> 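Encoded as structure tokens, here's the structure I'll be asking about.
Numbered from 1 within each chain, the chains take letters A, B, ... in sequence-line order. Please read all numbers here as calculations on a predicted model, not as lab measurements.
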Protein chains: 2
Amino acid sequence: MVRKPTSKETVRKPNMREAILAAAEELFATNGFNAVSVRDIAHAAGANPGSVTYHFKTKDGLLLEIYRRHCGPMNLRRSELLAAARRVRDLQDRLEAVVRAYVLPAFTSGSDLAGGGARFTRLRAVMSAEGNEVARKIIAQTFDDTSHAFIDAIHDSLPHVPRTDIVWRSHFLLGALYYSLVTPDRVSRLSRGEADGSDAASAIEQLVQATVAAFQAPALDQAAPARRRPVVSSKT
Amino acid sequence: MVRKPTSKETVRKPNMREAILAAAEELFATNGFNAVSVRDIAHAAGANPGSVTYHFKTKDGLLLEIYRRHCGPMNLRRSELLAAARRVRDLQDRLEAVVRAYVLPAFTSGSDLAGGGARFTRLRAVMSAEGNEVARKIIAQTFDDTSHAFIDAIHDSLPHVPRTDIVWRSHFLLGALYYSLVTPDRVSRLSRGEADGSDAASAIEQLVQATVAAFQAPALDQAAPARRRPVVSSKT
DNA sequence: TGATCTTTTGTACGATAGTACAAATCACAT
DNA sequence: ATGTGATTTGTACTATCGTACAAAAGATCA
């Protein structure tokens, strides 16, 4: 641990370490954890494979450090935006503001990390799909509080909707968010080029608009399972 | 369907082959493609590793066969349900029926395959997140037609909403659907045990309800980007 | 400059991956 | 019962994996 050479602080030569982190983040986010080897990461970062071991000890340690790097800032920013959103007077506007406070940090950069918001969120999506244990643990203990706060804020704006429904719908929101980052090309393809799935601004607006409407849907009454069965049932 | 005892045709002893397919499907769907070895699959199926090579040649070939097995029946059932849904008179009911026609086959079994609908859909979700090439190809050429038909049906029910918006919202639907199958425990956790994320019936009803509302959201007008910026903007 | 600490390099090791292939076994028509 | 083709087994090969570790290189300050 170096403290003060002459003036600055932290460290003055973070080149390799940062390069490895960035390369790993990119590769993990696009190919998954197991499909990427330590050698792949080192090569992409212009480093030696042994350098990865030196800085992060293990491959899991590297992943853990990526999470540590992003979780704090993203969580903080989400909390700030949520607090600001809760101060919005108009109930309809407040709902939209809360949703936006949840979505925005996932697409944009946390703080000084260059445009890594979307990349890290995509990484989370992929790790979640792969059932990665390292990711599962750190995510649950980092984001569950924020998720509850978000759900509570939504519930305050929509008191007539049961909390259970809000949980489901916020879960759908996260799924939609993840999927938009994982396969943006599908949007471009299905819209026959009319929409650009990788345009973050469009994705955010579309997602906020759709999600606000979803939250405002009437409560799903447990007693009356479904108004009517509109189509044929399964043939089994 | 078995026809002739004396005639050979395909094969009359599908035990091992089917066991391997089922085991691979389960393991791939929960752990991803690269995290599962051929030996893992063979062990789970009670087979010899060499048996996998014999039946499917390569690991990719095994994945391909899983897709071939499910895509046809699921697509067919989705088409049937969609056709039935389009005949619903009432516009509001028809929208819900169409959404249900899209969601139902993803959760329930395709035809004679035992309860494998949700398992295969989860597999698709995981492969999509991992950017698996084999899966990407076969999915695009199998489901894109059905997806377009679905989008058209929604558009017919909501003529005032631009097609682009419908594409985005149907994309969100698929993402929400995928995510519900990938991490159902998160719903249970965030609802503090009040909801069961792995209950397919609840998931379907919640998803249909929320999605119908999302589709019915007002069109996102391109000219006026957002009614108002409700919260503070990014601090960058 | 030389001493000391940090970082990078190169190489190697054991484990495990996907796959190939010959031998053993099985199912069944004759 | 026996021969024949389909299947299963066992084993082995090569490639690559994550990781360890000693030596080289670079940086820092007396």
> Consider the side chain of A:Tyr54, meaning its heavy atoms from C-beta on, and name the nucleotide among C:dT8, D:dT19, D:dA6 that approaches it most closely.
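Nearest to the side-chain atoms of A:Tyr54, counting from C-beta on, is C:dT8.
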
> Quick one: which of C:dT8, C:dT19, D:dA20 gets closest to the side chain of A:Lys57?
D:dA20

> For A:Phe28, is the NZ or CZ atom of A:Lys59 found under 6.0 angstrom from the centre of its six-membered ring and inside 45 degrees of the ring axis?
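A:Lys59 over A:Phe28 ring: no.
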
> Using whole Å, report how far CG of A:Asn15 lies from C1' of D:dA27.
13 Å

> Within the 3.5 Å criterion, strictly below it, is a donor on A:Arg186 or B:Ser128 matched to an acceptor on the partner's side chain?
no

> For a quick test of reading the model: is some side-chain N or O of B:Ser51 closer than 4.0 Å to OP1 or OP2 of D:dT7?
no

> Rounded to whole Å, how long is the line connecting atom CZ of A:Phe56 with atom P of C:dT6?
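Going from A:Phe56 (CZ) to C:dT6 (P), I get 17 Å.
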
> Could you please name the option among C:dT8, D:dT8, D:dA20 that lies closest to any side-chain atom of A:Thr53?
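Among the listed nucleotides, the one closest to the side chain of A:Thr53 is D:dA20.
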
> Grab the CG-P distance between A:Leu27 and D:dC17 for me, whole Å please.
12 Å

> Let me know the distance between CG of B:Asp40 and C1' of C:dA15, rounded to the nearest Å.
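After rounding, the reported distance stands at 14 Å.
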
> Distance check needed: D:dT16 C1' versus B:Lys59 NZ, whole Å only.
13 Å

> Given that A:Thr58 and B:Pro49 both sit by DNA chain D, which one's nearest nucleotide is further toward the 5' end?
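Of the two residues, B:Pro49 wins.
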
> Look up atom CD in A:Glu65 and atom NZ in A:Lys57, then write down how far apart they are to the nearest 0.5 Å.
15.0 Å

> Please report the distance, rounded to the nearest Å, between CG in B:Asn34 and P in C:dT16.
17 Å

> Starting from the 5' end of DNA chain C, give me the residue, A:Arg39 or A:His55, whose nearest nucleotide shows up first.
A:His55

> Got more than 12 heavy atoms from elsewhere within 6.0 Å of NE2, B:His148?
yes

> Rounded to whole Å, please give me the gap between CD1 in B:Ile20 and P in D:dT7.
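So the two atoms are 11 Å apart, to the nearest Å.
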
> Ignoring backbone atoms, establish whether A:Asn48 has a side-chain N or O less than 4.0 Å from OP1 or OP2 of C:dG10.
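Indeed, a polar side-chain atom of A:Asn48 lies that close.
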
> So, A:Ser188 and A:Asp185: side-chain donor and acceptor under 3.5 Å apart, yes or no?
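Short answer, no.
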
> Taking atom P of C:dT7 as reference, at what distance in whole Å does atom CZ of A:Arg17 sit?
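Answer to the nearest Å: 9 Å.
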
